[in-house]
There are 2 protein chains.
Amino acid sequence: METLLRRIDKQIAASGGKRSKSRAQIIEAFFRSDTHLTVDELTRYVRRSNRCIGSATVYRTLKLLVRHGYAKELDFGEGAKRYESNLSAHHDHLICRKCGEVSEFKEPQIESLQERVAKKHGFTPTTHRLDIYGYCHGCVPGDLREDGA
Amino acid sequence: METLLRRIDKQIAASGGKRSKSRAQIIEAFFRSDTHLTVDELTRYVRRSNRCIGSATVYRTLKLLVRHGYAKELDFGEGAKRYESNLSAHHDHLICRKCGEVSEFKEPQIESLQERVAKKHGFTPTTHRLDIYGYCHGCVPGDLREDGA
DNA sequence: TTGGCTGCAAAACGTTTGCATGTCT
DNA sequence: AGACATGCAAACGTTTTGCAGCCAA
């Protein structure tokens with residue numbers, strides 16, 4: 001964590017930026033929380049330790065993290081975008097239509113599938129996003145349950 | 001097309017709605033254009049035949065189509081959402097990061113992959129969205145080309 | 001005649017930007 | 001000192017909503 005912050009600071013400095021206390025607090029809170037946060041949620045969270053941080057700075061900081069490859073923008077169609085750390089290996093998402101829970105999964109076969117599809121269309125893929133929508137274990141509606149309950 | 005409009009009208013009537021000229025024009029324009037339109041684009045398009053249609057009605061009509069399963073909401077991160085017909089078989093998208101072109105593809109294997117992943121996580125899938133980002137044939141940047149040009 | 005549908009304008013929402021001020025180097 | 005970062009508030013673009021009038025059933 002310490003090292004990570006240091007590394008990000010270095011990279012920002014290398015591209016002509018300066019470090020700042022607010023930004024460090026935002027970045028730390030972001031990686032500490034390790035979920036899919038909206039700007040609003042992250043702002044509220046980081047404000048608990050520093051009341052005067054404005055959401056504009058949170059927007060700016062997250063954009064910075066995205067630009068440098070440390071964060072990823074997500075959109076599950078809720079209106080506001082969500083952000084997640086981009087440090088761990090690539091994964092995709094399962095989104096529950098009822099409770100909104102978002103869980104992650106890894107499926108290596110998707111990469112090869114992506115390559116195959118792209119090649120067939122003369123396309124050079126860089127990334128993909130696979131979102132599976134449905135119902136999580138606790139939210140399956142009765143008329144979809146196998147036991148017919 | 002005639003039949004389709006008729007069918008949609010019936011379904012709307014069945015759920016307590018009434019038909020209207022504006023809505024019919026919007027729906028017809030939507031299915032006729034058969035691309036991924038924003039509300040703004042569709043509004044401008046349909047206004048060519050009827051100057052007084054407001055975009056609020058276009059928003060309301062597209063929501064209606066989505067609710068009844070005739071249209072699908074897309075979001076490629078451009079700010080405004082896009083909509084596509086949901087009449088043809090399911091397909092996914094290739095999005096060019098440079099020129100913005102969106103093309104479609106079908107890959108049956110994705111369905112089985114979806115089932116497999118979901119089952120592993122106690123999840124009941126209904127749909128998915130797979131967007132592959134990269135560069136289309138004409139937009140491949142030099143430093144990604146195989147011929148090293 | 002009732003109630004949904006309309007266009008318009010205003011409001012709401014997430015996000016970006018301009019600016020004066022503060023902070024890092 | 002100089003340049004970048006900040007918080008605030010205003011501006012922005014998209015989407016929703018309130019409303020008075022219209023139109024279909």
Side-chain angles (χ1 to χ4, degrees), chain A residues 5-6 8-30 36-68 71 73-83, chain B residues 5-6 8-30 36-44 46-68 71-83:
Chain A
L5 263 172
R6 203 79 54 90
I8 296 178
D9 273 346
K10 239 177 213 162
Q11 203 168 331
I12 288 173
S15 61
K18 285 173 185 164
R19 50 166 283 109
S20 94
K21 198 173 172 191
S22 303
R23 192 158 62 199
Q25 290 176 316
I26 294 167
I27 293 177
E28 215 216 298
F30 174 66
H36 311 106
L37 293 171
T38 57
V39 167
D40 192 60
E41 286 162 358
L42 181 54
T43 303
R44 274 206 292 268
Y45 180 42
V46 78
R47 276 217 188 136
R48 293 216 289 256
S49 16
N50 180 345
R51 199 62 53 83
C52 342
I53 286 183
S55 59
T57 304
V58 178
Y59 276 105
R60 287 189 272 233
T61 302
L62 285 174
K63 265 218 147 80
L64 204 62
L65 290 179
V66 170
R67 191 169 344 124
H68 286 86
E73 218 179 73
L74 308 174
D75 188 325
F76 300 130
E78 308 162 294
K81 292 197 172 68
R82 292 187 173 275
Y83 293 83
Chain B
L5 263 172
R6 202 80 53 90
I8 296 178
D9 273 347
K10 237 175 214 161
Q11 202 168 331
I12 289 173
S15 61
K18 287 172 183 167
R19 50 166 282 109
S20 95
K21 199 175 172 191
S22 302
R23 193 159 62 199
Q25 291 177 314
I26 295 167
I27 294 177
E28 216 215 297
F30 174 67
H36 311 108
L37 294 171
T38 56
V39 168
D40 192 61
E41 285 162 359
L42 181 53
T43 303
R44 274 206 291 269
V46 79
R47 276 215 187 138
R48 293 216 289 259
S49 16
N50 181 345
R51 199 62 53 82
C52 341
I53 286 183
S55 59
T57 304
V58 178
Y59 276 105
R60 288 189 272 233
T61 301
L62 284 175
K63 266 217 145 82
L64 204 63
L65 289 179
V66 169
R67 191 169 345 125
H68 286 86
K72 233 183 197 161
E73 218 179 73
L74 308 175
D75 189 324
F76 301 129
E78 308 163 294
K81 292 198 173 65
R82 292 187 172 275
Y83 293 83

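Each chain gets a letter, A, B and so on, in the order its sequence line appears, and its residues count up from 1.
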Query raised in the report: Just by protein heavy atoms under 4.0 Å, how would nucleotides 15-25 of chain D read 5' to 3' in B, S and -?
Result: BBBB-----BS

Which pairs would a plain distance check flag for residues 13-21 of chain B, meaning a side-chain donor or acceptor within less than 3.5 Å of a matching protein atom at least two apart in sequence or in another chain?
| unit_1 | atom_1 | unit_2 | atom_2 | d |
| --- | --- | --- | --- | --- |
| Ser15(B) | OG | Gln11(B) | O | 3.4 |
| Ser15(B) | OG | Ile12(B) | O | 3.1 |
| Arg19(B) | NH1 | Asp9(B) | OD2 | 2.7 |
| Ser20(B) | OG | Arg23(B) | N | 3.1 |

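For the atom pair CD of Glu28(B) and CG of Leu5(B), the computed distance is 6.0 Å after rounding to the nearest 0.5 Å. The CD1 atom of Ile27(B) sits 4.5 Å away from atom CG of Leu65(B), with the distance rounded to the nearest 0.5 Å. Here CZ of Arg44(A) is found 10.5 Å from CG of Leu37(A). Values are rounded to the nearest 0.5 Å. Atoms OH and CD, from Tyr83(B) and Glu73(B) in turn, are 4.0 Å apart once rounded to the nearest 0.5 Å. Here the CD1-CZ distance, from Ile26(B) to Arg47(B), works out to 10.0 Å after rounding to the nearest 0.5 Å. Residue Gln25(B) holds its CD atom at 4.5 Å from CG of Asn50(B), rounded to the nearest 0.5 Å.
Residues Ala29(A) and Tyr45(A) approach most closely at O-CE2, 3.6 Å, considering heavy atoms. The shortest heavy-atom contact between His36(A) and Arg82(A) is O-NH1, 2.5 Å. Ile53(A) and Thr43(A) get closest at one heavy-atom pair: O-CG2, 4.3 Å.
Comparing the start and finish of the helix from dT1(C)-dA25(D) to dT25(C)-dA1(D), five pairs each, the helix axis swings through 30°, to the nearest 10 degrees.
Bounding nucleotides for the chain A contact on DNA chain C, 5' to 3', at a heavy-atom distance below 4.0 Å, are dG14(C) to dT25(C).
Contacts between residues 41-50 of chain A and DNA chain C, counted as heavy-atom distances below 4.0 Å, involve no residue at all.
Sorted by first and then second residue, the side chain to side chain donor-acceptor pair (under 3.5 Å) pairs with a member in residues 52-67 of chain A form an empty list; sequence neighbours excluded.
Taking atom CG of Asp75(A) as the reference point, atom P of dT14(D) lies 15 Å away to the nearest angstrom.
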